[in-house]
Chemist: 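Here's a structure for you.
First the proteins, then the strands, lettered A, B, ... as listed; each starts at 1.
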Amino acid sequence: GAGVSQSPSNKVTEKGKDVELRCDPISGHTALYWYRQSLGQGLEFLIYFQGNSAPDKSGLPSDRFSAERTGGSVSTLTIQRTQQEDSAVYLCASSPRGGIGTDTQYFGPGTRLTVL
Amino acid sequence: AQSVTQLGSHVSVSEGALVLLRCNYSSSVPPYLFWYVQYPNQGLQLLLKYTSAATLVKGINGFEAEFKKSETSFHLTKPSAHMSDAAEYFCAVTENYQLIWGAGTKLIIKP
């Protein structure tokens, strides 16, 4: 079946603009994750959605970052008033059950965000 | 908090030679450990995972890893490197549900 898809694949924006990044998880997966991959910081956890539970937002770096997951499926990560340090690859993953350490996370190809 | 250390940001081996990528973890509880591979301009793909069923774990593309509790290690190996193995490899441990990542090791294959 189809894997995790993300759009756009590349996004170039100007400092101060808002951006929206989209993730379509694997159908039937209850858990969805966002990570950020940047040169200086490596891979960082951002946010986790599990079913209808309140998301774990503990990894979001500032209040300019927010995310939602509609209908337990598609997720959107929004970055307001983008800064140059937001430049990174944003990765989305989904897993069948979530909440379990053994659950395999399947990753999308990522969105490369460049803030000029 | 758990952490993962990958020794060597770059590892270079000749085609046909043994591949050894090192990963050490710190965890106060039995860990669940993963190796992912990232090919250039692609997402992360699971190579293998340790979930306490067996200490020697076999993955895709001929890779395997051995969990050694006494050494807190989960090194990745492949007997014979192929040019197509050139990629970046990440070791990760789960903390609750999120993955805690090592810094990654870029594997370079010399012809």
Chemist: For a 4.5 angstrom cut-off between non-hydrogen side-chain atoms, does Trp101(B) reach Phe45(A)?
Modeler: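 Trp101(B) does not reach Phe45(A) side chain to side chain.
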Chemist: So which part of Gln98(B) gets closer than 4.5 Å to some heavy atom of chain A, the side chain, the backbone, both or neither?
Modeler: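 Both the backbone and the side chain of Gln98(B) come within 4.5 Å of chain A.
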Chemist: Look up atom OG1 in Thr51(B) and atom CG in Asp103(A), then write down how far apart they are to the nearest 0.5 Å.
Modeler: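 The CG atom of Asp103(A) is 11.5 Å from OG1 of Thr51(B), to the nearest 0.5 Å.
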Chemist: Say whether Leu46(B) and Trp35(B) are linked into one hydrophobic cluster, either directly or through other cluster members, by side-chain heavy-atom distances under 4.5 angstrom.
Modeler: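 Different clusters: Leu46(B) never reaches Trp35(B) through Ile, Leu, Val, Met, Phe, Trp or Tyr contacts under 4.5 Å.
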Chemist: Chain B heavy atoms under 4.5 Å from Leu91(A): which part of the residue, side chain, backbone, both or neither?
Modeler: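 Only the side chain of Leu91(A) comes within 4.5 Å of chain B.
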Chemist: Using a cut-off of under 4.5 Å on heavy-atom pairs, state which of Leu33(B), Ile100(B), Val93(B), Thr94(B) scores highest against chain A.
Modeler: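 The answer is Thr94(B).
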Chemist: How long is the gap from CG on Leu44(B) to CG on Leu43(A), to the nearest 0.5 Å?
Modeler: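 Leu44(B) atom CG to Leu43(A) atom CG measures 6.0 Å (nearest 0.5 Å).
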Chemist: Spell out, yes or no, whether Phe65(A) and Tyr48(A) are grouped together once hydrophobic residues are joined by side-chain heavy atoms under 4.5 Å, including indirect joins.
Modeler: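 Phe65(A) does not cluster with Tyr48(A).
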Chemist: Check this for me: Leu39(A), atom CG, are more than 12 non-hydrogen atoms of other residues, nucleotides or ligands nearer than 6.0 Å?
Modeler: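 At most 12 heavy atoms, drawn from other residues, nucleotides or ligands, come within 6.0 Å of this atom.
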Chemist: Give, as side chain, backbone, both or neither, the part of Gln6(A) having an atom under 4.5 angstrom from any heavy atom of chain B.
Modeler: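 Neither part.
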Chemist: Is Gln38(B) close to chain A through its backbone or its side chain, or both, or neither, when contacts mean heavy atoms under 4.5 Å?
Modeler: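 Side chain of Gln38(B) only, per the 4.5 Å heavy-atom cut-off to chain A.
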Chemist: When rounded to the nearest 0.5 angstrom, what is the spacing between NZ in Lys49(B) and OG1 in Thr102(A)?
Modeler: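 Interatomic distance, Lys49(B) NZ to Thr102(A) OG1, rounded to 0.5 Å: 5.5 Å.
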Chemist: Less than 4.5 Å apart, side chain to side chain, heavy atoms only: is that true for Phe90(B) and Gln37(A)?
Modeler: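 Yes, their side chains come closer than 4.5 Å.
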Chemist: Look at the side-chain heavy atoms of Ile, Leu, Val, Met, Phe, Trp and Tyr, link any pair under 4.5 Å apart, and say whether Leu60(A) and Tyr90(A) land in one connected group.
Modeler: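 Same cluster: Leu60(A) reaches Tyr90(A) through Ile, Leu, Val, Met, Phe, Trp or Tyr contacts under 4.5 Å.
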Chemist: Group every Ile, Leu, Val, Met, Phe, Trp and Tyr by side-chain heavy-atom contacts under 4.5 Å, then state whether Val89(A) and Leu116(A) land in the same group.
Modeler: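 No: no chain of side-chain contacts under 4.5 Å links Val89(A) to Leu116(A).
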Chemist: With distance as the sole test, does Tyr35(A) use its side chain to make a donor-acceptor pair with the main-chain N or O of Leu99(B) at under 3.5 Å?
Modeler: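 Here the side-chain-to-backbone pair exists.
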Chemist: Under 4.5 Å heavy-atom distance to chain A, tell me which part of Tyr50(B) shows up: side chain, backbone, both or neither.
Modeler: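 No part of it gets close to chain A.
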Chemist: Mind checking whether Tyr39(B) and Val13(B) sit in one hydrophobic cluster, side chains of I, L, V, M, F, W, Y counted as touching below 4.5 Å?
Modeler: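 Both belong to a single hydrophobic cluster.
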